[in-house]
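Structure record follows, encoded as structure tokens.
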Amino acid sequence: MQDQQLQDLADFIASSPTPFHATTTLRERLIAAGFEALNEREDWQLKAGGRYLVSRNDSSIIAFQLGAEGALASRGLRLIGAHTDSPCLRVKPQPEKDQQGLWQLGVEIYGGALLAPWFDRDLSLAGRVTFRRPDGALESRLIDFQRPIAVIPNLAIHLNRGVNDGQAINPQTDMPPVLAHSLEAGRDLRALLAAQLQQQHPDCTDVAVLDYELSFYDTQPPAQIGLEGDFFSAARLDNLLSCHAGLQALLNSDGEQPCLLVCTDHEEVGSSSCCGADGPFLEDVLRRLVPDDAERIQLIQRSLLVSADNAHAVHPNFAMKHDENHGPKLNAGPVIKINSNQRYATNSETAAFFRHLCASTDVPVQAFVVRSDMGCGSTIGPITASRLGVRTVDIGAPTFAMHSIRELAGSRDPGYLITVLTAFCNSAQLI
């Protein structure tokens with residue numbers, strides 16, 4: 001079972017090189033499981049027992065099941081939150097560079113990326129392209145080159161003797177990837193994208209590419225590694241691991257309880273967008289589920305959010321970076337994340353509820369508190385809790401190398417997370 005879950009996670013990550021592709025993958029899997037797609041521009045006709053999904057900006061998605069007649073009002077919602085985006089290199093609007101006979105693209109750093117691991121990797125390019133058809137109609141489609149088309153070569157140590165002494169990386173001058181020789185004059189990214197569109201979408205002929213949102217990504221596939229397969233290595237584990245676990249929990253649930261999965265874009269840059277956790281997407285959906293203000297407040301107060309985002313496992317070479325009593329370990333279960341300054345939204349009641357869920361499913365559980373002399377990251381948990389007033393617990397699978405081009409998790413932790421989130425979706429009572 002563990003190997004099947006890991007392979008499914010690997011397939012999910014491989015098909016999701018960008019938030020747009022992650023949302024498409026989630027949508028396709030939900031529709032295949034019988035969820036009905038809704039359009040925000042249309043009226044919704046929701047039925048008891050129904051299962052629905054809605055997406056915004058092609059990069060955020062909400063899926064929900066309503067449970068039996070009257071269950072929503074009486075039992076509240078079991079909400080699972082995650083995010084679809086990961087730190088990466090985004091292509092600039094006018095990126096073409098011809099330098100020393102090589103064609104490069106200028107990039108912008110998205111989120112808090114670890115830059116050093118991006119060097120000497122086989123990179124591909126994917127994202128959303130918006131274009132004009134010959135009849136003047138505007139349209140967007142997703143593309144993915146799916147093969148190595150670029151690389152950011154390191155400078156040889158012979159020419160950079162101090163590189164191992166902590167030399168800074170300049171994102172403007174050091175990070176533009178190399179794609180080809182520039183011996184052919186006038187290479188044009190938009191022409192390249194138009195050709196890729198026609199290759200992937202045969203109906204997209206003679207289109208004029210107007211704009212795009214493109215990300216470079218590492219083509220190395222996910223892998224279970226270690227002498228005994230103890231580890232799982234992949235790009236974008238933060239936070240596609242949680243998206244996948246939330247999806248599987250929703251699909252594995254018995255359908256009796258009202259549940260909602262929300263996976264939003266732009267968490268890595270603050271969540272302030274029309275489709276981010278600090279935007280109105282979730283609130284808009286809840287208003288359509290329960291139009292009456294008082295009834296909606298009652299619903300929210302009967303509900304609970306599990307904000308799932310990866311946690312920092314204690315690194316054997318850098319154990320001093322953790323509080324000595326709060327060092328989560330790989331393959332030791334999900335981590336409850338706590339911060340007195342509300343960088344995480346966990347409180348004693350929500351933490352106790354999650355511990356109870358873990359105990360009832362024989363899933364080990366851990367706790368993380370950042371060292372008192374270090375700053376603490378945050379998640380969609382405090383943002384969603386403050387916007388909705390919903391009780392929240394911040395949790396996540398322990399990982400190494402968060403925000404690297406390739407991250408590392410324990411091979412048993414994805415299964416642990418799916419198990420406890422499934423129990424959450426099936427829980428008859430919340431706190």
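The chain is numbered in sequence order, starting from 1.
The neighbour count for Q99 CD, taken as heavy atoms of other residues, nucleotides or ligands under 6.0 Å away, is above 12. Around CD of E108, the count of heavy atoms belonging to other residues, nucleotides or ligands within 6.0 Å does not exceed 12. The environment of H315 atom NE2 is dense: over 12 non-hydrogen atoms of other residues, nucleotides or ligands sit within 6.0 angstrom. Counted within 6.0 Å of CZ on R288, heavy atoms from surrounding residues, nucleotides or ligands total more than 12; the atom is thus considered enclosed. Within 6.0 Å of the NZ atom in K92, the count of heavy atoms belonging to other residues, nucleotides or ligands exceeds 12.
For the pair L261 and C263, the minimum side-chain heavy-atom distance is below 4.5 Å. At least one side-chain heavy atom of F35 sits under 4.5 Å from a side-chain heavy atom of L251. Annotation: side chain of P398 is in contact with side chain of D413 (closest heavy-atom distance under 4.5 Å). I143 is not listed as a side-chain neighbour of Y212, based on a closest heavy-atom distance of 4.5 Å or more. Considering only heavy atoms from C-beta on, R75 stays 4.5 Å or farther from R302 through its side chain. Counting heavy atoms from C-beta on, the side chains of L417 and T419 never come closer than 4.5 Å. Using a 4.5 Å heavy-atom threshold, the side chains of D144 and F20 count as separate. Looking only at side-chain heavy atoms (C-beta outward), N310 and S242 come within less than 4.5 Å of each other.
Atom CG of L260 is separated from atom CD1 of I80 by 9.0 Å, given to the nearest 0.5 angstrom. Note that CG of L282 and CG of L79 are 6.5 Å apart. Values are rounded to the nearest 0.5 Å. Considering OG of S124 and OH of Y217, their distance stands at 3.5 Å, rounded to 0.5 Å.
Ion pairing between a basic and an acidic side chain is recognised when a charged N comes within 4.0 Å of a carboxylate O; D58 and R27 show no such pairing. Salt-bridge formation is detected for the pair E283/R387: a Lys NZ or Arg NE/NH1/NH2 atom is positioned less than 4.0 Å from an Asp or Glu carboxylate oxygen. Salt-bridge annotation for R51 and E36: absent, with no side-chain N of the basic residue lying under 4.0 Å from a carboxylate O of the acidic one. The residues D265 and R56 are annotated as not salt-bridged, no charged nitrogen and carboxylate oxygen being separated by less than 4.0 angstrom. Salt-bridge annotation for D122 and R147: absent, with no side-chain N of the basic residue lying under 4.0 Å from a carboxylate O of the acidic one.
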- Query: What do the steps show when you test D211 against R132 for salt bridge (Lys or Arg N to Asp or Glu O under 4.0 Å), and what is the final call?
  - Reply: CA-CA 10 Å; D211 224 318; R132 182 177 58 242; over 6 Å; no
- Query: Under the salt bridge (Lys or Arg N to Asp or Glu O under 4.0 Å) criterion, do D230 and R412 qualify, and how do the steps go?
  - Reply: CA-CA 7 Å; D230 287 331; R412 292 187 284 279; 3.7 Å; yes
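A cation-pi geometry, defined here as NZ or CZ lying under 6.0 Å from the six-membered ring centre and within 45° of its normal, holds between R90 and Y110.
When all heavy atoms are compared, the tightest approach of G76 to L299 is CA-CD1, 3.7 Å.
Under a 3.5 Å cut-off, the side chain of R121 and the backbone N or O of I152 do not form any donor-acceptor pair. In this structure, the side chain of E407 engages the main chain of H403 through a donor-acceptor pair within 3.5 Å. A donor-acceptor distance shorter than 3.5 angstrom exists from the side chain of S60 to the backbone of C275, with no hydrogens or angles considered. With hydrogens and angles ignored, the 3.5 Å screen pairs no side-chain donor or acceptor of N239 with any backbone N or O of D85. Distance alone, capped at 3.5 Å, places no donor-acceptor pair between the H201 side chain and the D203 backbone. The main-chain N or O of K47 is found under 3.5 Å from a side-chain atom of Y52 such that the two form a donor-acceptor pair.
Of the N and O atoms on the side chains of H21 and T18, at least one donor lies less than 3.5 Å from an acceptor on the other residue. Of the N and O atoms on the side chains of H266 and S271, not one donor lies less than 3.5 Å from an acceptor on the other residue. Between the side chains of S303 and R78, no donor N or O sits under 3.5 Å from an acceptor N or O.
Aromatic ring orientation, F424 versus F353: perpendicular (interplanar angle above 60°, classes split at 30° and 60°).
With sequence neighbours excluded, the residues forming a side-chain contact (heavy atoms from CB on, under 4.5 Å) with S140 are R128, T130, listed by chain and number. Remark: S86 engages R236 in a side-chain contact (heavy atoms from CB on, under 4.5 Å) (not counting sequence neighbours). Take N164 and apply the side-chain contact (heavy atoms from CB on, under 4.5 Å) test, not counting sequence neighbours, and it matches I157.
Residue L77 forms a side chain to side chain contact (heavy atoms under 4.5 Å, CB included) with just one option from L304, L286, I300, and that option is L286.
If you look at F368 and H326, their ring centroids are not closer than 6.0 Å.
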